[in-house]
Amino acid sequence: MSTFYITTPIYYVNDAPHIGHAYTTINADAFARWHRLMGDDTMFLTGTDEHGLKIQRTAEENGVTPLEQADSTSVRFREAWEQLNISNDDFIRTTEERHHLAVQTLMQKAYDNGYIYSDTFEGLYCVGCEAYYTEDELDDGNCKVHERPAEHMSEDNYFFKLSAFADQLLEHYEQHSDQVRPDGYRNEVLGLLRQEVRDISISRTSINWGVPVPWDDKHVFYVWYDALINYATAVGYGADEDRFGTYWPAAHHMIGKDIIRFHCVFWPAMLLAAGITDLPKFYVHGWLLIGGEKMSKSKLNGVTPKQLIEGDDEQAFVPFGVDGVRYHFLRDPSFGPDGDFSYEQMIVRYNSDLANQFGNLVQRVITVTGKKCGDLAPSCDGDSPLKAEAEKAFTATTEAWARAQPPIALDATWRLIRETNEYLAAKEPWKMEPGADVDRVMGDSLEAIRIVSILASPAIPVAAQLAWERIGMTGNVDDQRLPDAATWGQYAGGVALTTGDPLFPRLKG
RNA sequence: GGCGACGUAGCUCAGUUGGUCAGAGCGCUCGACUCAUAAUCGAGAGGUCGACAGUUCAAGUCUGUCCGUCGCUACCA
């Protein structure tokens, strides 16, 4: 059995969950679900990043402790992911003891190996970014991101010898073309490594809300470096070497393109410095654009996952349901380039793919079967014309997931839905007399629905399970294992079908 | 400034090594059907494949230039 370990970035608790977080997390979830279907021993991690000056200050402003501050926001992420049916196996918080231990273990190793040294750092610091800037990176002394003055700071820092790993990493990414997907982002990583790679500051003395540096307790680690290590913490780094050995070699990080440098350059170097030679792979996505523009905080605040799922009268949002939201984020934006988030497009896609094609297919097949085949469903024909289509759909779907292209995978699955609708139109079972011919047509259609339910379950887990049950299948669709479960000819019939409300009621734009 | 990507039907995009490559889905129009959530099925609408020049028997598919969009990165001011 192979293993698959996938992570989302851990989200900074200074910000409430928005659709950008949801986009990343839903994609990671779909990959996790797909790999479970494929029978992989899968580990899916998400969580929250809770250290740093920004949290410390926010807590002070609110008159609470930093941990209380983090608690209140972290739980909102948990709730959001629960609502979106995210199937994470663990939820890590960087304030947890296990994480502190892992950070200290890993950094101590890097220190012992001679890759960390002390130096004085002086510069202009933006609290919002938690980063130092040079004069010309600022806009009249103000941080361009946060539009506030950068502060003069001078402190003794520990530095990480990133420069010592530039060549090794360059070679690594040159030789392994599948480490960073899509390919365009791999080129960016190579570009970063071909330039001068400078050592980086990794500790702070000016704050205390962080993980203490084990060999010098006046310092805490800079929030970014503490944060990255969460990926190792969660699979037992420093605590359970067997577990770490099992999952770490299969690590995949789902990230947005804005954090490529930290993840694809800094993080692997830190691993190497600590003597870990298995380097993670990356799935890099672009940003969701709203009306062609990069999402701003204010625009984001206008749209939350919850509003899209449940609908919102004030904003005149219709309820897409959990699966509707998930499907849109997986199917509409190309994976990699920036994609447009469009409410109108979301409705069009929902009505077309979910309501008209899939939901309606389930409905019509169950109804016709009930009218023409008696109380118990017929079995499928081992030699149906749909058999080849099901095989094609499975092959193409599998290939697209392997290439890290959810939109293409879903399109491939939906091809079987369209083929089944065509098949029904060609056979017109509703005109036929009850008998073997109708039984065959309906059995085949039910078999196609069975297979689609499995293949579509990573995207629309709720509806897939519902369809699964309505055609008389038992157990959980999530527990099916590919490729066997997708092999044509397994629908045995002899069971009662269930009618019900439409899986996806049509929405009015 | 350097490096790189992209610019194909109204929309989102497919189009390996040049020769059925002018395509798919959605949208739209018309037709069919009525089992189904006014869903489904079929047909069509004719986009000079950003512009120009070139290589070739043959170019979205190669070369050069230009225009446009974007990303990464550097630096002067």
Side-chain angles (χ1 to χ4, degrees), chain A residues 134-137 139-140 180 182-198 256-261 264-265 284-287 289 291-294 321 324 327-328 330-342 344-373 396 399-400 403 405 407-408 410-432 434 438 441-442 445-446 449 463 467 470 497 499-509:
Chain A
T134 57
E135 289 276 5
D136 51 70
E137 284 173 319
D139 190 9
D140 199 24
V180 181
D183 223 40
Y185 291 117
R186 171 173 169 247
N187 292 334
E188 285 191 15
V189 173
L190 292 172
L192 288 172
L193 287 165
R194 284 182 182 130
Q195 298 168 187
E196 185 195 356
V197 174
R198 278 185 254 177
K257 65 178 186 179
D258 51 325
I259 52 178
I260 282 182
R261 183 197 292 268
C264 302
V265 178
V284 185
H285 68 248
W287 284 318
L289 306 178
E293 294 176 37
K294 186 184 169 187
Y327 186 79
H328 169 258
L330 289 165
R331 177 63 183 81
D332 266 328
S334 293
F335 189 83
D338 291 346
D340 239 321
F341 169 82
S342 149
E344 291 71 23
Q345 176 61 26
M346 205 170 158
I347 289 185
V348 168
R349 178 68 74 183
Y350 175 100
N351 281 337
S352 161
D353 291 12
L354 297 179
N356 297 351
Q357 292 182 5
F358 182 55
N360 181 56
L361 174 65
V362 172
Q363 193 98 321
R364 69 192 301 211
V365 166
I366 289 174
T367 302
V368 177
T369 303
K371 285 184 180 173
K372 299 289 183 179
C373 306
E399 191 189 280
R403 284 189 310 145
Q405 287 298 336
I408 296 173
L410 292 175
D411 183 60
T413 297
W414 253 251
R415 210 175 308 157
L416 179 55
I417 296 173
R418 284 185 232 115
E419 291 294 342
T420 307
N421 272 323
E422 283 177 33
Y423 177 67
L424 286 170
K427 296 289 185 183
E428 300 185 304
W430 46 88
K431 285 184 179 172
M432 299 164 77
V438 195
V441 172
M442 298 324 293
S445 301
L446 287 160
I449 290 172
R470 285 190 186 179
L497 306 184
T499 52
D501 293 335
L503 257 32
F504 296 99
R506 265 184 80 84
L507 298 175
K508 286 177 182 169

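Each chain gets a letter, A, B and so on, in the order the sequences are listed, and its residues count up from 1. The analysis underlying the following values was restricted to heavy atoms, covering all of them including side chains, and did not include hydrogens, waters or symmetry mates.
Proximity of A/Gln357 to the phosphate of B/U37: no side-chain N or O atom is located under 4.0 Å from OP1 or OP2. Dashed line: the shortest gap from a side-chain N or O of A/Arg364 to OP1 or OP2 of B/U34 is not under 4.0 Å. A/Arg506 has no side-chain polar atom (N or O) that falls below the 4.0 Å cut-off from OP1 or OP2 of B/A38.
In this structure, the nucleotide among B/U73, B/C41, B/A36 sitting nearest to the side chain of A/Ala425 is B/C41. When each of B/G42, B/U40, B/U73 is scored by its nearest atom to the side-chain atoms of A/Glu422, the top-ranked nucleotide is B/G42. With distances taken from any side-chain atom of A/Lys431 to the nucleotides B/U34, B/G42, B/G25, the minimum falls on B/U34. For A/Pro502, counting side-chain heavy atoms from C-beta on, the closest listed nucleotide (B/C35, B/C41, B/U37) is B/U37. Among the nucleotides B/C35, B/G27, B/C72, the one closest to the side chain of A/Glu188 is B/C72. With B/G71, B/U73, B/G27 as the candidates, the nucleotide lying closest to the side chain of A/Ser352 is B/G27.
Straight-line distance between the P atoms of B/U48 and B/A9: roughly 9 Å, to the nearest whole Å. A gap of 26 Å separates the C1' atoms of B/C75 and B/C6, to the nearest Å. Across the C1' atoms, B/A77 and B/G71 are found 24 Å apart, a figure rounded to whole Å. With both ends at atom P, the span from B/G50 to B/A14 equals 14 Å, rounded to whole Å. Taking the C1' atoms as reference points, B/G47 lies 14 Å from B/A24, given to the whole Å. B/U61 and B/G1 have their C1' atoms separated by 31 Å, with the value rounded to a whole Å. As rounded to the nearest Å, B/C62 and B/G7 have P atoms that lie 12 Å from one another. The gap from the P atom of B/G15 to that of B/C30 amounts to 34 Å, rounded to the nearest Å.
Across all strands shown, the partner of B/C70 is B/G4, judged by Watson-Crick or G-U wobble contacts whose two distances both fall under 3.5 Å. With a 3.5 Å ceiling on both atom-pair distances, the Watson-Crick or G-U wobble partner of B/G42 is B/C30. Figure legend. B/C75 is base-paired to no nucleotide; pairs are counted as Watson-Crick or G-U wobble with both atom distances under 3.5 Å. Pair assignment for B/A59: none, as no Watson-Crick or G-U wobble contacts are both less than 3.5 Å. When both distances must be under 3.5 Å, the Watson-Crick or G-U wobble mate of B/A9 does not exist. Pairing partner, B/G64: B/C52, with both Watson-Crick or wobble hydrogen-bond distances short of 3.5 Å. B/G18 is unpaired under the criterion used here, namely a Watson-Crick or G-U wobble arrangement in which both key atom distances are under 3.5 Å.
Using a 4.5 Å heavy-atom cutoff, the side chains of A/Tyr350 and A/Met346 are not in contact. In this structure, the side chains of A/Gln345 and A/Asp332 come closer than 4.5 Å at one or more pairs of heavy atoms.
Put simply, CG on A/Leu507 is 15 Å from C1' on B/A38, counting in whole angstrom units. Put simply, CD1 on A/Ile347 is 16 Å from C1' on B/C11, counting in whole angstrom units. Rounded to an integer number of Å, the gap from A/Ile417 CD1 to B/C41 P is 11 Å. Between A/Asn360 atom CG and B/U34 atom C1' the separation is 12 Å, expressed in whole Å. The separation between A/Trp414 atom CH2 and B/A24 atom P is 21 Å, rounded to whole Å. Distance CE (A/Met432) to P (B/C33): 18 Å, rounded to an integer number of Å. Nucleotide B/A39 holds its P atom 14 Å from the CD atom of A/Gln363, rounded to whole Å. Put simply, CG on A/Leu416 is 20 Å from P on B/A24, counting in whole angstrom units.
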*With side-chain hydrogen bond (donor to acceptor under 3.5 Å, both in side chains) as the test, would you mind laying out the steps for A/Arg364 and A/Asn421 before giving the verdict?*
CA-CA 10 Å; A/Arg364 69 192 301 211; A/Asn421 272 323; 2.7 Å; yes

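In this structure, A/Arg194 reaches neither bases nor backbone, as no heavy-atom distance under 4.0 Å exists between it and the strands shown. Using a 4.0 Å heavy-atom criterion, one finds that A/Asn187 contacts no nucleic acid atom at all. A/Leu361 comes within 4.0 angstrom of nothing in the nucleic acid, heavy atoms only. Counting any heavy atom pair closer than 4.0 Å across all strands shown, A/Lys372 reaches no nucleic acid atom. No contact: A/Gly191 has no heavy atom under 4.0 Å from any strand. No contact: A/Arg331 has no heavy atom under 4.0 Å from any strand.
Taking the nucleotide of RNA chain B with the nearest heavy atom to each of A/Glu428 and A/Val348, the more 5' of the two is matched to A/Val348. Toward the 5′ end of RNA chain B lies the nearest nucleotide of A/Asp411, the other residue of the pair A/Trp430 and A/Asp411 mapping further downstream.
Salt-bridge annotation for A/Arg418 and A/Asp411: present, with a side-chain N of the basic residue lying under 4.0 Å from a carboxylate O of the acidic one.
Partner A/Asn351 forms a side-chain contact (heavy atoms from CB on, under 4.5 Å) with one of A/Gln357, A/Arg506, A/Lys508 and no other, that one being A/Arg506.
Nearest heavy atom pair, residue A/Leu193 against residue A/Val197, reads O-CG2, 4.0 Å.
Because its glycosidic torsion is within 90° of 0, B/G60 is reported here as syn.
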